[in-house]
Number of protein chains: 2
Amino acid sequence: MDKIDRSIVYLLQKDGKITIKEIAERLNLTTTPIFERVKKLEREGYIKSYKAILDRKKIGLQLMVFCNVTLNLHQTDYLKKFEKDIQQFPEVVECYHVAGMFDYLIKIYAEDMERYQDFLSNKLASLENISKVQSSFVMTEVKDSTYLPIP
Amino acid sequence: MDKIDRSIVYLLQKDGKITIKEIAERLNLTTTPIFERVKKLEREGYIKSYKAILDRKKIGLQLMVFCNVTLNLHQTDYLKKFEKDIQQFPEVVECYHVAGMFDYLIKIYAEDMERYQDFLSNKLASLENISKVQSSFVMTEVKDSTYLPIP
DNA sequence: TATTTTTAAAGAATATTATTCTATTTTAGT
DNA sequence: ACTAAAATAGAATAATATTCTTTAAAAATA
């Protein structure tokens, strides 16, 4: 990753649909080197994928909730079981095993409070080994950045 | 948003680089209606943007941390001040104002613990009005889904 | 039910972009 | 300075996006 590569991933983070030609123009190069650099960045895994970013509210997902989950038992088998179960739920879009005041942080999307309650009562809380669940409801999305702070 | 539109955004969430032609083939339509539907979804804001997804570890960001931030004063002016300040930090990739046990949840990327400590001590904790900061370090990314649970 | 109006889709033509290939230049190592 | 490797330019080709015209389907109205 040299300076040119960093410029390329910066531009692609901002707009995944930017053309090779446009990147080339901005960096004062021709399409060939840009094309090959992009392919290399993809091949070597610096660029994992390209995605369309949807507006969750427009598609009807009014609620975004973070849950701090604490388990009872922490042996590997129990963790693996929980992780496998939680992945099945489409409402759960992110799940992290964390070191801190609780065990897992999960991000959930729901259409409304009723659906969230249904998820909580009938899905999450129904899993074995759950000790405590603490919900934080998102009121405002202050920042949701496109850019990783590329060192 | 009819059935076809939902199929389109589903495919675009999975792969933002999928061609109009390929979507058309999968949905047994020609390129024209797909092209127009995609443009409409973009124009009306269902699709907000397209982005390249980078591998944070490959680009040197070993640490991912969530912080629960609690403020002292909660009048609008103080909240706005904090929100404005926190947005400046490139390390902070997400920030949400939440209702729950604390005020703000922020997601941070850092190269290593040293850089994180520097961020915490010299940037975050230096802001006025901070009452409490609780860090949770991500050990495992159990799930990081491409797909919103489209209703 | 027949008729009009609107919307969606097909098919063909054109414009743009991605991709490949060959030749040239630059860079790093000896 | 010389050699080898890597990077880039420029041109040619392939694939895709985009536009345009025509046709079909659906919805609304009388």
Side-chain angles (χ1 to χ4, degrees), chain A residues 1-61 111 144-151, chain B residues 1-61 111 144-151:
Chain A
M1 288 271 283
D2 62 7
K3 204 159 194 161
I4 297 171
D5 286 334
R6 273 190 286 275
S7 299
I8 291 172
V9 296
Y10 173 82
L11 291 170
L12 283 171
Q13 271 194 108
K14 192 156 63 175
D15 176 12
K17 273 278 172 70
I18 191 173
T19 62
I20 298 285
K21 195 187 161 198
E22 197 171 333
I23 298 173
E25 282 165 8
R26 297 222 198 157
L27 304 183
N28 292 317
L29 288 167
T30 55
T31 61
T32 312
I34 301 297
F35 175 80
E36 280 173 1
R37 279 168 178 272
V38 169
K39 289 300 153 196
K40 193 176 179 190
L41 288 165
E42 290 171 2
R43 201 170 52 240
E44 296 182 352
Y46 293 93
I47 298 168
K48 284 200 294 185
S49 60
Y50 297 88
K51 292 181 188 176
I53 309 301
L54 306 187
D55 186 317
R56 68 172 170 89
K57 287 189 182 170
K58 283 224 109 180
I59 63 172
L61 298 164
E111 288 179 70
D144 188 2
S145 179
T146 322
Y147 311 111
L148 302 196
I150 302 168
Chain B
M1 287 270 285
D2 62 5
K3 205 158 192 162
I4 296 173
D5 286 333
R6 272 191 287 276
S7 300
I8 291 173
V9 296
Y10 174 82
L11 291 171
L12 283 171
Q13 270 194 108
K14 193 156 64 175
D15 176 13
K17 273 279 172 68
I18 190 173
T19 61
I20 299 285
K21 194 186 161 198
E22 197 171 333
I23 298 173
E25 282 164 7
R26 297 221 197 159
L27 304 184
N28 291 316
L29 287 167
T30 55
T31 59
T32 311
I34 301 298
F35 175 79
E36 281 173 1
R37 279 167 177 272
V38 170
K39 288 301 154 194
K40 193 176 179 191
L41 289 164
E42 291 170 2
R43 201 170 52 240
E44 295 182 351
Y46 293 93
I47 297 168
K48 284 201 293 186
S49 61
Y50 297 88
K51 292 182 189 176
I53 308 301
L54 305 187
D55 186 317
R56 68 170 172 91
K57 288 190 182 168
K58 283 222 111 180
I59 62 172
L61 298 164
E111 288 180 70
D144 188 2
S145 178
T146 321
Y147 311 109
L148 302 196
I150 302 168

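Protein chains get the first letters and strands the later ones, always in sequence-line order, with residue 1 at the start of each.
- Between Leu54(B) atom CG and Ile150(A) atom CD1 the span is 6.0 Å, to the nearest 0.5 Å.
- Distance check, rounded to the nearest 0.5 Å: CD of Glu25(A) to OG1 of Thr19(A) gives 7.0 Å.
- Following rounding to the nearest Å, Ile20(A) (CD1) and dT16(D) (C1') show an atom-to-atom distance of 14 Å.
- In this structure, Lys21(B) places its NZ atom 8 Å from P of dA15(D), rounding to the nearest Å.
- Ile4(B) comes within 4.0 angstrom of the backbone, heavy atoms only, and of no base.
- In terms of modelled atom types and a separation under 3.5 Å, the side chain of Gln13(A) and the main chain of Leu148(A) share a donor-acceptor contact.
- In this structure, Glu42(A) pairs ionically with Lys39(A), as a charged nitrogen and a carboxylate oxygen lie closer than 4.0 Å.
- Rounded to whole angstrom, the span from the CG atom of Asn28(A) across to the P atom of dT8(D) amounts to 13 Å.
- Annotation: the span from Thr146(A) atom OG1 to Lys14(A) atom NZ amounts to 9.5 Å, rounded to 0.5 Å.
- In the helix from dT1(C)-dA30(D) to dT30(C)-dA1(D), the rotation axis of the first five pairs and that of the last five pairs differ in direction by 40°, rounded to 10 degrees.
- With a 4.5 Å cut-off on side-chain heavy atoms, Tyr10(A) and Tyr147(A) count as touching.
- First and last contacting nucleotides of DNA chain C toward chain B (any atom under 4.0 angstrom from a heavy atom, 5' to 3' order): dA9(C) to dG11(C).
- Between the CG atom of Asp5(A) and the C1' atom of dA6(D) there is a distance of 13 Å, given to the nearest Å.
- Distance check, rounded to the nearest 0.5 Å: CZ of Arg6(A) to CD1 of Ile59(B) gives 10.0 Å.
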Tell me, for nucleotides 19-27 of chain D in 5' to 3' order, what letter each nucleotide earns: B for a base near a protein heavy atom under 4.0 Å, S for only sugar-phosphate near one, - for neither? BB-------
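- One can place CD of Glu25(B) at 13 Å from P of dA15(D), the figure rounded to the nearest angstrom.
- Contact annotation: Lys39(B) reaches the phosphate of dT18(D) (side-chain N/O to OP1 or OP2, under 4.0 Å).
- Here the side chains of Arg37(B) and Ile23(B) are not in contact, with every heavy-atom distance at 4.5 Å or above.
- Distance alone, capped at 3.5 Å, places no donor-acceptor pair between the Lys58(B) side chain and the Lys48(A) backbone.
- Contacts of Thr30(A) with the nucleic acid, taken as non-hydrogen atoms under 4.0 Å apart, include base atoms.
- The pair Arg26(B)-Glu22(B) meets the salt-bridge criterion, with a side-chain N (NZ, NE, NH1 or NH2) lying under 4.0 Å from an Asp/Glu carboxylate O.
- When all heavy atoms are compared, the tightest approach of Val38(B) to Ile47(B) is O-CD1, 4.5 Å.
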